[in-house]
Protein chains: 2
Amino acid sequence: MKHLVLLAAVTLAFAARADEGMWTLDNFPSAKVRQKYGFAPDAQWLRETQLSSVRLAGGCSGSFVSPDGLVMTNHHCAHSCIEQLSTQEKDFVAQGFSAAAPENEVRCPEIELNQLVQISDVTPRVQGATQGLKPGKEYNAKRKAAMASLEKECSAGDEKLRCDVVELYHGGQYSLYRYKRFQDVRLVFAPEVAIAFFGGDPDNFNFPRYDLDVYFIRAYEDGKPARTDHYFKFSPNGAKEGQLTFVSGHPGGTDRELTMAQLQYQRDVALPERIFDLAQYRGALTMFTETSPEHYRIGENQLRSVENSYKALRGRFEALVTPSLWNQKQQRERALRAKVNARSSLKQKYGSAWDDVAKAIAEFQPRHKEYQYVEQAAGLNSPLYRIARDLVRGTEELQKPNEQRLKEYTDARLPQLKQRLFSKAPLYPEFEVFRLSYALTKLREELGADHPLVKKVLGKKSPQELAQELAKTKLYEVKEREQLWQAGREAVQASSDPMIQLARLVEPEARALRTWHDDEIETLEISGAERVAAAKFELEGKSNYPDATFTLRLSYGAVKGYEEKGRHVAPFTTMAGAFDRATGRDPFKLPDSWLRANENHRIQLETPFNLCTTNDIIGGNSGSPVFDQDRQIVGLIFDGNIQSLGGEYGFDETVNRAVAVHSSALIEALDHVYGARRLVNELKSAPGTATGAGAR
Amino acid sequence: MKHLVLLAAVTLAFAARADEGMWTLDNFPSAKVRQKYGFAPDAQWLRETQLSSVRLAGGCSGSFVSPDGLVMTNHHCAHSCIEQLSTQEKDFVAQGFSAAAPENEVRCPEIELNQLVQISDVTPRVQGATQGLKPGKEYNAKRKAAMASLEKECSAGDEKLRCDVVELYHGGQYSLYRYKRFQDVRLVFAPEVAIAFFGGDPDNFNFPRYDLDVYFIRAYEDGKPARTDHYFKFSPNGAKEGQLTFVSGHPGGTDRELTMAQLQYQRDVALPERIFDLAQYRGALTMFTETSPEHYRIGENQLRSVENSYKALRGRFEALVTPSLWNQKQQRERALRAKVNARSSLKQKYGSAWDDVAKAIAEFQPRHKEYQYVEQAAGLNSPLYRIARDLVRGTEELQKPNEQRLKEYTDARLPQLKQRLFSKAPLYPEFEVFRLSYALTKLREELGADHPLVKKVLGKKSPQELAQELAKTKLYEVKEREQLWQAGREAVQASSDPMIQLARLVEPEARALRTWHDDEIETLEISGAERVAAAKFELEGKSNYPDATFTLRLSYGAVKGYEEKGRHVAPFTTMAGAFDRATGRDPFKLPDSWLRANENHRIQLETPFNLCTTNDIIGGNSGSPVFDQDRQIVGLIFDGNIQSLGGEYGFDETVNRAVAVHSSALIEALDHVYGARRLVNELKSAPGTATGAGAR
């Protein structure tokens, strides 16, 4: 028993660690914050924070910063918008964009904003649906139906509402999140990518930094700027060292509560394989973008995204192979299971939960590549293929009642599906041929030249040859997609479009894999995970935050430096630092606007530029506001340091740092580099904002 | 104690497994072979085998197959030779090569052959040199000096001899291997790469196969074909199912006897990082070769090599994350250490050995990237850089007495160094710019933009810019290299060649890392490993074979199929199968010579083409002869199946298979596809060879 007591102490120390946590807004530890920082958010404060925060449905965070629908997020979050609006003649990525007047604001093809308006606990209905059922087909059908009904009831056919049943604590809790949905979103301001992403891949996930990674967009309703009563105001002074900071946003996912079997699968299979593929694709894509300026223009956004994922996943992998982290997690699980097994009532309910999860993984593993390359279409990674597949599968699914459809085709999900399907974002044949050739080659490599599906897809053709044929699809045209969608199942089944034909060809195998996965694997894993979570609740209470799931979270912390390789890293950089670091060569090349502004002494060089804080964030938090206890914006999250990548599995306050643009630098640059008067005025004049914005 | 007894039984079962082992020729288990197969090689048989086998110093195996210096190896082993002899006008890689007359045989720029003539045990002298010393500077100096002296004494300045002190059993035994060296090696015959590597990367490491991966070269002495009294004759019938087969050759390396700390470093750090880099480089290089036919010609050999390494290392990684293998190894080490600790005499001598190895690794890890990217030049991966570095470092080292030099610049190593340094193999500026840009970008990425050496190397330049400057080096010219080498240290130090300047710039940091590694890390690891080996000898005797170290080994086995995914894989394919598998698209496109021969019914389609055997081999065995108990060639090793990749860490006879070209297919193709009469006659008429070669 001595052993176990010791372990329990370790676990408690971990749970009590300060500043850790991505908290849901209905379970925020205000008392804990008061204890450390002397300030406790109350219900009204939390409510305002919730309504002032927004989610970019594509995978980022943002905040309302004026009563007229103005939203601040990161350049890298909405980069696709300027890329999609650019042409060979006018490249807004390189040159930036600033709408001098309201009528110059341009609609982004694929951005959807979600404002969380209501949270309800629906655990009993979701868990109740599968009560007494063994994992399997019926279990899956009942669970899926319960969730689809909840979502449909909640939005009641109103496309301006979005309702998601959200899985928290790995199924320990289910919440219904109702969002207000904005699909008409327009571009207001973007700086040049050279300063938004100064330092490029080498500096990504590093601190000190010198990036103006900001982007302003505006939510519209009925063709007019949306009226937004809840928004953040800018702080007149910005962040100061040691100050209490909050970050609200939508961390995409963490894996801190996985079982050891799940973690081992990540360490040994999922992460390495994903990184192997990303690395190779990165090498190929880099060369593609170097072939010509036009190839660079059409491929660079994806390259950045691939480089970002590559670095992030390598960081995670490195965290998982760190023996201290691994051993700590192993000890924690052993201690928990020992406690469960020590009481027969607990043992009966939860004893086998971890084994069920492990069994699900063991059964998944032998076919994981087929699932990934065929059903998840990693082997056919092209937007055109995904469009074809949505047409084939979507028109088929729409024949069924809402409750029986695959999740992504339920009524509640149709607005987002349609936005993607009918997006006017341009697709370039030469890029698609490149991507399809690559993907088909990997499909053959990973499944083997003799795999029946590979033979069926390729026949005697080479991947390059088939890619060329597929790229002749008419699905480049939005009209073609709309017509097929409206004409429905029969028309899609009869289509002779090569990409649709391919999607039809793959569909039987893909469906079979999906059914197997959803019925056999997922139900076993979730039924185990739900019981693991229940065991934790019963033994530890709900004192902990759930793993991130791209739902709204609030974290608290402070502006604070850290120690690295024996030296102190200060929490601020200055705008002068960017000029020191510049080499004149990409990615350390400052844009002309900055060089000119500096020559003319228009920039206050001592203005703080970037900062770091102890807030616990992760990918998906990009674009989150950093604000003080008065809910005034003092910064804009855009990254974490390299040590934060291990945050996927645990939070180490000594070195894990969130990285943000300082609010003073935002105002300084908008005002004195870009002369974006209309925007500065809107930010400064927002009712309630102190007038003297900027630090000086 | 019950636990430990059980574990020991597991270990013994493993050691006794049939057909396992890459045996040194002075410790071959003839009795074991007799027990299973009814035949035991005697001393004379082993001696003949030894002298008939050759090593390609660049990393492959081969065999003498006539008394006139004719050597058979794989196409992929000597591919670089035809590539180096090709020009934009005449591409021998695509078209193949056949010397119709002796005077058409052309010299290969970089091939060195080694024939092992003598093995002596020098363990007492090497281990004695460090007796009583603690790991560190003096330990390293004494050990290095002992090895350098042994090698120098052995070759006595005769450049036709090559002497290597060989580390076996991870330092448990040191042997001095004396080879006869052939540096004048000429190309006799090579088929088209399309049939040598039919199926390309998708089929690589797979079985069934249909490859004619053969290459004939000839050893010359004093400008004439070398007289080789010891050689293998061709079998008149070739391999039959179930037949006893031997394979002699030079497996490059295995890691079956590593400690758990070493294995964990491989699993968690070394292997994944290497695969990440290979994957990315593979992606980039593939695109490079697709830019133009000329880029394909100059880059495809490296691409194949990268793809091969990528697949091989992934196979190793997958083996290491297999829990059964890992647990078995863990149990074996635990049992061994328990036995050592149970006897105080053993504990005193060996108890800390495993911890020393682990400590060496733990100390190495934080600086492993610097060591790899700076000293091992992974960040400067270009033959031009390696030439510059050999000039800078070599001329410096030559100032010192032989015993004090870095190993690679000792007198015994100079002939091979010079062959590489003064190789006439062409280097192409556009390919070097590509490689240097890639490498410099990775250097910055892996060490960080703020690393002092990165700053020193790049300054304000971009990797691409620096690569362009470096590619202006004069080191493309062999004369320039020869002049600098002969002029010596002063001249090299004074050179203004940009590549030499770079090598000089990096040298202080590289040297410091090397000294740290050799003195602090390597000595600690080897002193631990030597004691681990000694403990095994003391407890288990020398009943086991040492891990492979690119020294001559002999393995035994049988022609045998296996079970895979529930079906039986037969041990043979036929030449007809190649035509069935062909799609007309690379890499499944047969060369015209084969299509024509088939149209004219010149090929006996039922001729066995490839086969698999249970022989225990690994990378480096490529080009090894497969022969019967009469030492007659029945096949030519060129690959292993996918399951053989785990052979790095252990041998599983149920599925691990060596893959070879059948001897009948060799004769059939030479005779009826290529009409290579001179070569067929030489093979058939070799004294003692049965005249009716070929299976029918």
Side-chain angles (χ1 to χ4, degrees), chain A residues 199-203 206 208 264 267-269 271-273 275-288 290-291 307 310-311 314 317-318 320-323 326 434 437-438 441 444-445 448-450 454 458-465 565 581-589 642, chain B residues 199-203 206 208 264 267-269 271-273 275-288 290-291 307 310-311 314 317-318 320-323 326 366 434 437-438 441 444-445 448-450 454 458-465 581-589 642:
Chain A
D201 178 65
D203 277 5
N206 279 304
Q264 186 161 350
R267 184 191 69 183
D268 294 347
V269 182
L271 274 176
E273 287 186 358
I275 304 172
F276 298 155
D277 187 35
L278 277 170
Q280 186 181 341
Y281 188 56
R282 177 190 183 196
L285 187 54
T286 304
M287 292 293 285
F288 176 86
E290 286 175 6
T291 321
E307 287 187 328
Y310 172 80
K311 210 166 185 176
R314 272 195 68 171
F317 178 75
E318 277 160 25
L320 272 192
V321 298
T322 304
W326 190 263
F434 161 74
S437 299
Y438 179 87
T441 306
R444 180 176 69 186
E445 175 182 332
D450 293 316
V454 175
L458 283 178
K460 295 233 163 192
K461 289 169 196 153
S462 71
Q464 290 71 18
E465 217 174 338
K565 292 177 192 160
R581 193 165 183 75
T583 65
R585 275 79 163 179
D586 182 56
F588 297 99
K589 183 174 160 67
I642 199 86
Chain B
D201 178 65
D203 277 5
N206 279 303
Q264 186 160 351
R267 183 192 70 184
D268 294 346
V269 182
L271 274 176
E273 287 187 358
I275 304 172
F276 298 155
D277 187 36
L278 277 170
Q280 186 181 341
Y281 187 57
R282 177 191 183 194
L285 186 55
T286 303
M287 291 294 284
F288 176 85
E290 286 176 6
T291 321
E307 287 187 329
Y310 172 79
K311 210 165 185 176
R314 274 194 67 172
F317 178 75
E318 277 160 26
L320 272 192
V321 299
T322 304
W326 190 263
F434 162 73
S437 300
Y438 179 87
T441 306
R444 180 176 69 186
E445 175 182 333
D450 293 316
V454 175
L458 282 178
K460 294 234 163 191
K461 289 169 197 154
S462 72
Q464 291 71 17
E465 217 174 337
R581 194 166 182 74
T583 64
R585 276 78 165 179
D586 183 55
F588 297 99
K589 184 174 159 66
I642 200 87

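Computed from a predicted structure; not experimentally measured. The chains referred to below are lettered A, B, ... by the order of the sequence lines, with proteins before strands, and numbering in each begins at 1.
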Residue part contacting chain B, namely of [X], when any heavy atom lies under 4.5 Å:
X	value
A/S462	both
A/F288	both
A/D203	side chain
A/F276	both

Go through A/K311, A/R585, A/K589, A/R267 and name the one with the most non-hydrogen pairs under 4.5 angstrom from chain B.
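Sorted descending by pairs with chain B, the first entry is A/R585.
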Sort out for me which of A/G199, A/G283, A/A449 touches chain B most, counting heavy-atom pairs under 4.5 Å.
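Heavy-atom pairs under 4.5 Å are most numerous for A/G283.
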Measure from the side-chain N and O atoms of B/K460 to the backbone N and O of A/A582, and report whether any donor-acceptor pair falls under 3.5 Å.
yes
Quick check on the interface: out of B/K461, B/R444, B/R282, who has the most heavy-atom pairs with chain A under 4.5 Å?
B/R282
Taking 4.0 angstrom as the limit, do A/D450 and B/R581 come out as a salt bridge?
yes
Please classify the contact between B/P366 and chain A as side chain, backbone, both or neither, with a heavy-atom cut-off of under 4.5 Å.
neither
For a 4.5 angstrom cut-off between non-hydrogen side-chain atoms, does B/E290 reach A/M287?
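Not touching, per the 4.5 Å side-chain cut-off.
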What's the separation between atom CD in A/Q280 and atom CD1 in B/I275, rounded to the nearest 0.5 Å?
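Reported to 0.5 Å precision, the distance equals 12.5 Å.
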